[in-house]
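Take a look at the structure set out below.
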Amino acid sequence: MSAVPGLKEDCEELLGAFQQADTVRFERFAELWRERRFHTVFYGRIRALERNKLTKTTLELAQQYFLPPYSFQIRVGALYLLYGLYNAQLCQPKQKIRIALKDWPEIQKFQQDLLDSQHYDAAYIFRRLRLARAFHFTAMPKLLTYRTKKKIEENYFKEEFKDPSNRVNSLITNDVLEELMNIHGHYQKMKLVISADKSQPDKALSLIKDDFVVNLKDITLEHQEWQQNRMKLFQNAKETDETENKKKEETLIESEGSERANALARIKYRSYSAVVEASKSRRHRQVQLESSEAGSSCGKSPSKKNSRRPQPARRRGEMQVAKETVTRHIGMPIITEESSDE
Amino acid sequence: QESHATGKRPDNLTDLIEEGELLLTLNIFYPVIFQKHKDHKPYQTVLVLGSQKLTELRDSISCVSDLQIGGEFSSQPDQAPEHISKDLYKSAFFYFEGIFYNDKRYPECRDLSRTIIEWSESHDRGYENLQSVKMEDYVFNDLSLKIGFPYLYCHQGNCEHIIIITDIRLIHHDDCLDRNLYPLLIKKHWLCTRKCFVCKMYTARWVTNRDSLAPVDPCFFCDVCFRMLHYDAEGNKLGEFLAYPYVDPGIFN
């Protein structure tokens, strides 16, 4: 399917406006649709063959927003969009919406959610589409074509439409934590069993932190809060003054960059904290462990570690201020590498 | 790709396709005869039902090599035989997922895949067990297939077509529901036909080699021009040449 220029942007604009409207009512969507005269999107191609292609591409594009990982509101918007596009198309017989087998359980779950939360207009729209036989039930979502494309288009998701990606939460779930607690408990018991003193494990066996699981749970909670605050901050930043807005965004993005850099620093610190002792012949090249703790006498800036990482060196002064404000808002523990920043 | 058969219903209700039937879309590529086809291989698109036998698909594939007539007929142009290659060499096979489906409906059919299986078994070449079964015993619903993966159709011993399945879906109310029309051809690549060198009007039916009367080698002629040039009024052969009946690939346009 050849890409149609501007189509993705138009759809995202409409869905964005719907998201702004902060509602899932169909009347609101219909208003937005009519404002934009969205049905004219099909007017571009006159010949039958091109019309078919255009309609297929449009439906395929809209269908992507109907599935996870998009947020609930966007998915309802996509449902309305599909309804509108399906009915506004000019092809006879109508082009259908392709849904793959693997996506059907999610869509059924979605429909159930709609009914449970009493969004009857959305459920009705979906039922209308089903009754109109608007769907093709396919094995694979994308219909294959064999044109050599000049470049493979990257399907990039609009960040704001997505649900905040809870990767950390999906990894460290409640079940995982519970199991960790169990294993931890068992481990402690084992240590007791084989120790001389039955009430306390031997000192020699204390190889891990005892409150490791509790710490993990706290950290994930912190992360979640931080993410939510960040989202709010991002939203709020949009509503303030233009220049202020730009600055904040940039610093946020920069601090994001430096956050990542700091995360990297942390990982590297941990891996480099074990130093191999060089053999006698190479003693002069012994690797010396430079402490990266803030406040240490780490005054030598042109050290190897610094030059490796691309830090936003420019606008140091603002960075300082921004970092402090950011730290206050977010509260995520930051281990800084450069002592010059503190 | 507006299909002419969209929405068609059969006259006889026993031919009506039932709900739940699978519809496969296959791209069957032409064998590369012309060099210009090497980059963008021309293909035809066929719709086939899940409950149809593989042999039905095999019969529906129209390939120009099936119509070839073998043999040199400069001395007896009127006696170009009736038998086309399709009738002479009936063997064919499909290759899907490690299994060769050989056409064994006629006694003349041979197992073309045997050579390949013996070759793969002779040394440890890294191919798992390749099997050979009868094509007429299987329907498409029995197969396990990958979408987008190239498979093979081979006939005439060495005419090979790549087959790619582009889509599998359930049959829909708006599709053609007449079972007799399947396998349904919905897209075909149009090939330029070669015209007679002399009149430039009619499609070539003869090709000559080492022809003393022709300006190029090989040279293509339509039937009328061929006879007028190469034979006298009594039908005697004039000049030295070798003549073969020619079937143009564009014959299916």
Side-chain angles (χ1 to χ4, degrees), chain A residues 1-2 42 45-60 63 67 82 85-87 89-105 107-108 127-150 152 155, chain B residues 1-9 18-30 32 36-48 50 140-141 143-151 161-177 186-190:
Chain A
M1 297 291 148
S2 45
F42 291 118
R45 311 275 169 96
I46 309 172
R47 286 172 53 219
L49 197 61
E50 291 177 351
R51 231 182 21 218
N52 283 348
K53 268 200 214 161
L54 171 65
T55 314
K56 273 199 192 131
T57 321
T58 314
L59 287 174
E60 193 187 309
Q63 175 251 22
L67 304 165
L82 280 171
L85 289 172
Y86 181 75
N87 286 315
Q89 65 175 293
L90 304 166
C91 301
Q92 236 350 292
K94 290 201 187 289
Q95 295 293 335
K96 311 287 184 287
I97 304 168
R98 291 173 63 91
I99 306 278
L101 188 63
K102 65 177 169 77
D103 295 327
W104 267 111
I107 293 180
Q108 284 175 320
R127 193 175 141 77
R128 283 292 297 250
L129 280 174
R130 287 297 303 268
L131 285 175
R133 299 192 177 95
F135 295 109
H136 264 336
F137 304 96
T138 66
M140 288 285 131
K142 259 197 153 170
L143 185 61
L144 299 177
T145 50
Y146 283 90
R147 291 272 187 82
T148 46
K149 286 210 175 99
K150 294 285 156 71
I152 308 208
N155 207 357
Chain B
Q1 295 134 357
E2 283 286 16
S3 178
H4 52 98
T6 313
K8 268 225 176 102
R9 298 288 182 270
E18 286 161 5
E19 213 178 309
E21 179 77 72
L22 282 177
L23 190 70
L24 293 95
T25 313
L26 307 172
N27 279 0
I28 303 172
F29 289 78
Y30 299 166
V32 177
K36 68 180 181 201
H37 286 160
K38 267 198 175 160
D39 295 320
H40 297 281
K41 289 211 179 82
Y43 59 89
Q44 46 178 292
T45 309
V46 170
L47 294 177
V48 91
F140 278 96
N141 279 334
L143 308 175
S144 53
L145 300 166
K146 293 187 198 150
I147 297 188
F149 191 83
Y151 296 114
H161 302 249
I162 299 221
I163 297 188
I164 300 187
I165 300 162
T166 51
D167 188 26
I168 303 180
R169 61 174 174 81
L170 286 176
I171 199 89
H172 189 272
H173 180 263
D174 288 344
D175 292 324
C176 168
L177 294 181
I186 56 174
K187 183 176 178 194
K188 197 186 198 48
H189 186 93
W190 190 87

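Below, chains carry the letters A, B, ... as their sequence lines are ordered, and counting in each starts from 1.
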- Task: Using a strict cut-off of less than 4.0 Å between a Lys/Arg side-chain nitrogen and an Asp/Glu carboxylate oxygen, indicate whether B:Asp174 and A:Lys94 qualify as a salt bridge.
- Result: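 Not counted as a salt bridge, because no side-chain N and carboxylate O are separated by less than 4.0 Å.
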- Report, by ascending residue number, the residues of residues 130-137 of chain A in heavy-atom contact with chain B at a distance under 4.5 Å; give 'none' if the set is empty.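 Expected list: A:Arg133, A:Phe135, A:His136, A:Phe137.
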- Task: Please examine the side chains of B:Ile168 and A:Thr138, heavy atoms only from C-beta on, and report whether any two atoms are closer than 4.5 Å.
- Result: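 Answer no - side chains too far apart.
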- Query: What is the distance from atom CE of A:Met140 to atom NZ of B:Lys146, rounded to the nearest 0.5 Å?
  - Reply: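 The CE atom of A:Met140 sits 12.0 Å away from the NZ atom of B:Lys146.
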